[in-house]
Amino acid sequence: MSYLDELNPEQRKAVEHIKGPVMVIAGAGSGKTRVLTYRIAHMIRSGVDSFSILSLTFTNKAAKEMKERISKIVGPSESRNIWMGTFHSVFARILRSEAQLLGYPSNFTIYDTDDSKSLIKRIIKEKNLDDKIYKPNIVLNRISSAKNNLISAANYKNNPTIHKEDVQSKKPELAYIYEQYEKRCFKAGAMDFDDLLFKTNVLFRDHPQALLNYQNKFKYILVDEYQDTNYSQYLILKKLAARFENICVVGDDAQSIYSFRGANIQNILNFKKEYPDVRTFKLEQNYRSTQNIVNAANSLIRKNQEQIKKNVWTSNDSGEKIRIIKTLSDNEEGYEVASDIIYRLNEEKRPNSDFAVLYRTNSQSRSIEEALRKRDIAYRIYGGLSFYQRKEIKDLLAYYRLAINPKDEEALKRVINYPKRGIGNTTLDKILLAAGQSDKSVWDVIGDLNGSGLKLSSAVQNKIFSFHDMISTYNQMVDSTNAYELASRIASSSGVLKELYADKTVEGVSRYENIQELLSAIKEFSENDVIEEGVDLPEGGEDRTLSNYMKDIALLTDADKDKKDTNVVSLMTIHASKGLEFPYVYVVGMEENLFPSQLSVNSRTELEEERRLFYVAITRAEIKATLSWANTRYRWGNLTYCEQSRFIEEIDAEFLEEPVSSKKESTASEGFSFSGGLSNPSSRFESSTPAKKPAARKINKPTFKPSKLVTDADFKPDDSNLIAAGQTVMHQRFGKGNVEELTGVGENKKALINFQNAGQKQLLLRFAKLQILEN
DNA sequence: AGTATCGTCGTTTTT
DNA sequence: CGACGATACT
């Protein structure tokens, strides 16, 4: 068993100890992922049924990668059976199949944060509450933390302690808002993010048989990043594992950085109490970073009180000390960071992808971005607005959501008058109010205007009627129509495509392209057996419905997209960098009130979380960590003066370079970047194309390549009946390829095609558009 | 009903 | 600064 030989003794013990509760405390860079993957592979090799393994990861991308690695050891036929994904996606899947037990439709909508906020605003408005006091953000946080602690709306209402708190904070109506919010989500057939965990708990609490089924199914449970689980997640695990207690949690208390979203570090600190016969393994050897980086990080984290004792060490070189850059302004900070990157690019022949710039808040990306752009350094921002959060995408997705679940109130609100069809705010208000004050959903109300007693002009009534009719038509097609067919039909017949096509401004064109991109993604989903986002589909085309495409969309984030496959400098928040590593890491904005955040400096626990966050930032670096801070910085339009972050002094001075002032530095770096014919250093690396224009394009694109499928005129697909083995064919996205063989009959006829550049693909001929080049 | 303009308010971090 | 909502006007 060669794979076991790749492990150090402690890693190997963690891999081989399969039965019973296990806790793996994995220091930064200690080969945690390797242990997890090998452990699962080892379990399967040792005879554990792959169907009985549940593995929870922090991102869907991590799950996908882990599955691929496991597949290399035990083969895809085994690895595909493992349930692997984030808490949210795994339990969303379970909730969909058990939905009727909870009175939900199985095609329930998942409300994202915007949807939740919008609904809360609505409730506040309808109740005539002061939105200066009841701020949607704060209200949502309160509801969210209630749910994460398994306090239902009814519990909330009846709890005297909570009521007292709300009265004290001058928000006595929070219980009412929570109750309404719950009600309206239910009526709309919608769950928010927290519901996916909350309702799973309800399911397991109220339906013992369902719990028993899943207990028996998931005999082996593994949890990554356990330090970032909340109470709701903890309880799900506790219940699921109660029968067999084969639960293995992996984490690092020093890297717990999500308490703002309810993560409870006590889960990992108390795991021993929960399972007294737990076996604990500590992975303390760091394989990632230099001694200087490891020791600097150790010296910092030592300042925290609460932690599991461990001694992270490395046998790597001592390496360079941590560099501190001090500048006069945030713009200059960007300049210095860019200069330093150029210096390393040139001197050490490093690709762009070896570099990452990390920051505390998303808004800091702007000055860095500008600086990199000026120097023609290709970069990419991760996080911020994701593809699926952009307005034009959300608009179209809202139509898809409605087609799948017409009761979806937030989706309906979004598109009932987009594009303009003469149903204005006054009308919408009336409709929403009528729905809000009855047991009817908004969809029911607009389907029966008379029965709802609404006073509307007949012209308006007709407009509403035809909207209702249009959505009904889509809805009837949902289960029987292929995703791409329906999606493109909706895009055009709803008028969305036309609306965007008419806009010839730069942003408008970009929005139109984004829509095309979404349609391409859906097309790809319709055509392929396996789609890129990591969701496996059953064989055949019958499940390629729009519902299936949409079911996880709300749960996809930027972190699920490939981060390092292109040669660009990565810009992201420290939170988003969790689990990643880069040879060169720049942590910018090392200033008091920014990092640590102003909101955290008054409480010990919050300050300790900031410190852990800094620990995470430093330990991303393999070769060199650089910290920077600026004397002045623009913050919401105003120039503010800044002091150096206390965290810099908390690192033992022996691991830091002597601080250098910006004046000296800028001359030096200018010397590097503009002398010796290297003024365009990025040209020395093939893929370092200049960064895209800032405006609408800068935000991430999905991993799939943009293609002009819908509008391209040159491409003339041949009748798919003419496709035969041995032919050379052209596919718009995959390019040239050879038809290896044909399988299946009728609707399920598939071609196995070996593409020159895209590898082997199985395409359903029913959907695949292929041009025959040679017979 | 739809559009233009002005005022407000806020920022951690994300599934 | 920039997003969003309220207000006023067409």
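In the text below, chain A, chain B and the rest are named by the order of the sequence lines, each starting its count at 1.
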Do NZ/NE/NH1/NH2 and the carboxylate oxygens of A/Lys32 and A/Asp252 come within less than 4.0 Å? no

So what's the dot-bracket for DNA chain C: Watson-Crick or G-U pairs under 3.5 Å, [ ] if a pair crosses, | if it pairs off-strand? ||||||||||

Looking across every strand, which nucleic acid part, if any, lies under 4.0 Å from A/Tyr258 by heavy atom: base, sugar-phosphate, or nothing? sugar-phosphate

Considering just the side-chain nitrogens and oxygens of A/Asn137, establish if one lies under 4.0 Å of OP1 or OP2 belonging to B/dT11. yes

With a 4.0 Å cutoff (strictly under), does any side-chain N or O of A/Lys135 reach OP1 or OP2 of B/dC9? no

Qualifying residues under ring-ring contact (aromatic ring centres under 6.0 Å, His included), relative to A/Phe467, sequence neighbours excluded: none

Could you write out each protein N or O paired with an N or O of nucleotides 7-10 of chain C at a distance under 3.5 Å?
none

Enumerate the protein-to-nucleotides 1-5 of chain B contacts in which both atoms are nitrogen or oxygen and the separation is below 3.5 Å.
| unit_1 | atom_1 | unit_2 | atom_2 | d |
| --- | --- | --- | --- | --- |
| B/dA1 | OP1 | A/Thr426 | OG1 | 2.8 |
| B/dA1 | OP2 | A/Thr427 | OG1 | 2.9 |
| B/dG2 | OP1 | A/Gly422 | N | 3.2 |
| B/dG2 | OP2 | A/Asn417 | ND2 | 3.0 |
| B/dT3 | OP2 | A/Lys420 | NZ | 3.2 |

Sequence neighbours excluded, which residues qualify as side-chain contact (heavy atoms from CB on, under 4.5 Å) partners of [X]?
{"X": "A/Ser363", "result": "A/Thr361"}
{"X": "A/Lys413", "result": "A/Ser118, A/Arg122, A/Glu409, A/Glu410, A/Leu428, A/Leu432"}
{"X": "A/Ser466", "result": "none"}
{"X": "A/Asn141", "result": "none"}

Residues in side chain to side chain donor-acceptor pair (under 3.5 Å) with A/Ser259, at least two apart? A/Glu609

Return yes if a side-chain donor-acceptor contact under 3.5 Å exists between A/Asp330 and A/Ser367, otherwise no. no

What is the ring orientation for A/Phe193 with A/His88, classed by angle as parallel under 30°, tilted 30 to 60°, or perpendicular over 60°? perpendicular

Over 60° means perpendicular and under 30° means parallel, so tell me whether A/Tyr214 and A/Phe218 are parallel, tilted or perpendicular. parallel

Mind listing the side-chain donor-acceptor pairs of residues 128-139 of chain A below 3.5 Å, one per line with the distance, residues two or more places apart or on another chain?
| unit_1 | atom_1 | unit_2 | atom_2 | d |
| --- | --- | --- | --- | --- |
| A/Asp130 | OD1 | A/Lys132 | N | 2.7 |
| A/Tyr134 | OH | A/Glu173 | N | 2.9 |
| A/Asn137 | OD1 | A/Lys117 | NZ | 3.4 |

Just the rounded figure in Å: distance from [atom2] of [N] to [atom1] of [X].
{"X": "A/Lys117", "N": "B/dT14", "atom1": "NZ", "atom2": "P", "result": "12 Å"}
{"X": "A/Ile574", "N": "B/dT13", "atom1": "CD1", "atom2": "P", "result": "11 Å"}
{"X": "A/Arg635", "N": "B/dT11", "atom1": "CZ", "atom2": "P", "result": "13 Å"}
{"X": "A/His575", "N": "B/dT15", "atom1": "NE2", "atom2": "C1'", "result": "13 Å"}
{"X": "A/Gln364", "N": "B/dT11", "atom1": "CD", "atom2": "C1'", "result": "11 Å"}
{"X": "A/Phe58", "N": "B/dT13", "atom1": "CZ", "atom2": "P", "result": "15 Å"}
{"X": "A/Asp552", "N": "B/dT15", "atom1": "CG", "atom2": "C1'", "result": "12 Å"}
{"X": "A/Ile138", "N": "B/dT11", "atom1": "CD1", "atom2": "C1'", "result": "12 Å"}

Salt bridge (charged side-chain N to carboxylate O under 4.0 Å, His left out) partners of residues 193-204 of chain A, not counting sequence neighbours, each pair once: A/Lys147-A/Asp195, A/Glu182-A/Lys199

Nearest listed nucleotide, side chain of A/Lys132, among B/dC9, B/dT15, B/dT13: B/dC9

Most 5' of A/Ser600 and A/Asp194 on DNA chain B, judged by nearest nucleotide: A/Ser600

Please report the distance separating the C1' of C/dA6 from the corresponding atom of B/dT11, rounded so that it comes out in whole Å. 23 Å

Within the sub-3.5 Å range, which N or O atoms of nucleotides 1-6 of chain C have a protein N or O partner, and how far apart are they?
| unit_1 | atom_1 | unit_2 | atom_2 | d |
| --- | --- | --- | --- | --- |
| C/dG5 | OP1 | A/Lys121 | NZ | 3.2 |

Tell me if the OH atom of A/Tyr634 is crowded by more than 12 foreign heavy atoms within 6.0 Å. no

Considering the options A/Ile574, A/Leu358, A/Thr573, which one meets the side chain to side chain contact (heavy atoms under 4.5 Å, CB included) requirement together with A/Leu613? A/Ile574

